[in-house]
There are 2 protein chains.
Amino acid sequence: MSTATISTPLSAPLTNTNVTSLVDRRLLHETVIDQLRDLIVQGELAPETKLNERVLAEKLGTSRTPLREAIKFLASEGLVELLPNRGAVVAPLKPGKMKEVFVVLGALEALAGDLACRNATEADIAEIRGLHYHMLAHHARGELAQYFRYNQQIHIKFMECAGNATLAQVYRGLNAHVKRARYLANLSRERWDKAVQEHEDMLAALVKRDGARLQTLLRDHLANKLVMVMEALAIPRVAAER
Amino acid sequence: MSTATISTPLSAPLTNTNVTSLVDRRLLHETVIDQLRDLIVQGELAPETKLNERVLAEKLGTSRTPLREAIKFLASEGLVELLPNRGAVVAPLKPGKMKEVFVVLGALEALAGDLACRNATEADIAEIRGLHYHMLAHHARGELAQYFRYNQQIHIKFMECAGNATLAQVYRGLNAHVKRARYLANLSRERWDKAVQEHEDMLAALVKRDGARLQTLLRDHLANKLVMVMEALAIPRVAAER
DNA sequence: AAACGCTTTTTTGTATGCAAAATGAAGTGA
DNA sequence: TCACTTCATTTTGCATACAAAAAAGCGTTT
């Protein structure tokens with residue numbers, strides 16, 4: 001997402017006394033945004049965790065100012081909730097919210113699929129096929145984490161093929177929410193196999209450039225994912241809806 | 001969106017020396033977010049305007065800190081762009097970006113229309129009908145600003161009827177972009193009439209609860225809106241695509 | 001022991017200070 | 001005239017300071 005442009009040593013002015021300048025090209029509050037987002041998405045900061053500014057700033061090695069700016073940014077993304085005069089918490093993972101997000105994601109992915117069928121080059125399709133087979137391999141070996149990795153990449157590649165950066169951005173934002181739930185999921189082999197079969201069908205539809213079919217496949221795929229997440233959410237928690 | 005809870009004078013402690021406390025229940029950086037967003041959406045801060053922190057903070061009557069937090073928030077919404085070490089600018093209104101946004105908005109509104117056909121109560125429909133007739137009246141009198149007002153309200157009400165807060169939130173964010181273009185638009189009577197006719201059809205579809213039809217109507221409606229915006233964007237500017 | 005008032009501590013929200021980077025204005029030489 | 005330095009000014013990015021609000025103790029009373 002971010003290709004840091006590092007000034008070449010040769011072209012850099014010699015007045016540069018600071019050695020670290022080769023490393024910290026990025027702005028502090030931007031790295032803090034990414035770090036904090038990762039902590040939340042990876043589940044290290046669990047939903048509803050209070051974000052203590054002093055502690056977090058220390059943990060991330062900055063002062064409170066850039067941290068607060070990062071928190072505001074992520075609040076707009078919806079990953080954290082602001083409580084006036086009481087700071088911020090990691091956005092809760094309510095089943096109702098998940099349901100809403102999946103409905104929207106379904107529409108967005110369907111749109112992306114339709115666009116991808118029109119715009120994808122043969123090279124794009126070849127790349128997706130490659131990712132698909134990697135995914136199949138990890139599925140066969142039961143390597144869940146790696147499976148998820150390629151699964152995500154395929155969906156992201158679909159978005160890229162759609163050629164609509166705005167669509168991709170909105171997708172990423174909502175997807176971040178959903179990814180948090182993944183770490184709770186206890187995927188049954190049966191459901192897992194089904195999801196893989198759905199991916200087979202999706203790839204076939206893309207190859208045939210059957211946009212209408214791909215749309216419905218994606219919508220169904222998302223609906224099934226939702227069911228899985230809901231099950232995972234229902235088991236370990238007391239009941240987060242409120 | 002924000003219903004400020006004002007503490008009743010009677011329950012307020014008498015140690016309170018500050019008279020303004022009755023007003024500023026809301027957090028400063030939150031009001032700054034709203035103020036800044038308004039300035040951008042209303043076009044007072046034109047696209048590509050540089051946001052000078054010192055000047056803006058003074059204008060909004062705060063220090064730079066809450067302003068910077070607001071800027072980060074709106075950057076995540078996409079209304080401002082962050083330029084590392086060079087501050088922030090109001091997000092440019094590129095035709096390409098508009099096109100992308102309208103495609104996504106089309107999908108979101110179509111989804112909302114479909115959901116609304118299932119979920120809207122008779123009272124909801126009555127309210128939309130009311131807004132619709134207000135809109136017709138302003139259209140007949142050629143009152144563009146008022147027309148837009150009710151037009152917006154109808155679309156927002158559709159979103160509400162869909163009963164998906166996440167959908168509504170994403171919609172609002174993207175819609176803010178589009179609203180900025182409105183002030184540039186020079187609506188021809190012909191296009192205006194057409195848009196009104198489309199609204200007639202949409203209302204009819206909702207009444208019949210014909211979700212499929214409403215979806216296509218909304219998609220077409222958005223596509224037509226895009227054409228209008230593109231024309232408006234093409235005329236007054238040098239050529240913003242880059 | 002639960003409910004309350006009170007004080008102390010912690011935490012948040014905002015303003016200010018300071019250093020680094022960017023911008024702009026002369027000035028110099030080709 | 002134009003390019004290129006150099007230096008002063010402005011502006012941004014981050015850290016810190018301070019005030020107000022919330023939370024946590026802690027006796028006291030019932």
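It should be emphasised that the depicted structure is a prediction, and the values quoted were computed from it without experimental measurement. Chain A is the first sequence line, chain B the second, and so forth, proteins listed ahead of strands; every chain is numbered from 1.
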Per-nucleotide protein contact string for nucleotides 7-12 of chain D, where B marks a base within reach and S marks sugar-phosphate only (heavy atoms under 4.0 Å, - for neither): ----SB
Once salt bridge (charged side-chain N to carboxylate O under 4.0 Å, His left out) is applied, what residue pairs with a partner in residues 74-88 of chain B remain, sequence neighbours excluded? B:R37-B:E77
Short side-chain N/O contact to C:dT14 OP1/OP2 from B:T65, under 4.0 Å: no
Measure from CG on B:L60 to C1' on C:dG13 and round the result to the nearest Å. 17 Å
Relative orientation of the end axes in the helix from C:dA1-D:dT30 to C:dA30-D:dT1, expressed as an angle to the nearest 10° (five pairs per end): 10°
What is the minimum heavy-atom distance between B:S76 and A:Q169, and which atoms define it? O-NE2, 4.2 Å
What is the distance, rounded to the nearest whole Å, between atom CD1 of A:I71 and atom C1' of D:dC14? 16 Å
Can you list everything that forms a side-chain contact (heavy atoms from CB on, under 4.5 Å) with A:R54? Sequence neighbours excluded, please. A:N52
Sorted by chain and residue number, the side-chain hydrogen bond (donor to acceptor under 3.5 Å, both in side chains) partners of A:N224 (sequence neighbours excluded) come out as A:E198
Taking side-chain contact (heavy atoms from CB on, under 4.5 Å) as the definition, give me every residue that meets it alongside B:V90, ordered by chain and number, with sequence neighbours left out. B:I40, B:L45, B:T49, B:L51, B:R180
Whole-Å distance, B:L67 CG to D:dG13 P, equals 11 Å
Just how far, in rounded Å, is C1' of D:dA15 from CD of A:E58? 14 Å
Sorted by chain and number, sequence neighbours left out, side-chain contact (heavy atoms from CB on, under 4.5 Å) with B:I154 holds for B:I128, B:L131, B:H132, B:M135, B:F158, B:H199
For B:H134, all residues meeting side-chain contact (heavy atoms from CB on, under 4.5 Å), sequence neighbours excluded: B:Y150
Indicate whether OP1 or OP2 belonging to D:dC14 is found under 4.0 Å from a side-chain N or O atom of A:H29. yes
Using atom CG of A:L56 as one end and atom C1' of C:dT10 as the other, report the distance to the nearest whole Å. 16 Å
With salt bridge (charged side-chain N to carboxylate O under 4.0 Å, His left out) as the rule and sequence neighbours excluded, what pairs involving residues 150-160 of chain B come up? B:D124-B:K157, B:E127-B:K157, B:K157-B:E160
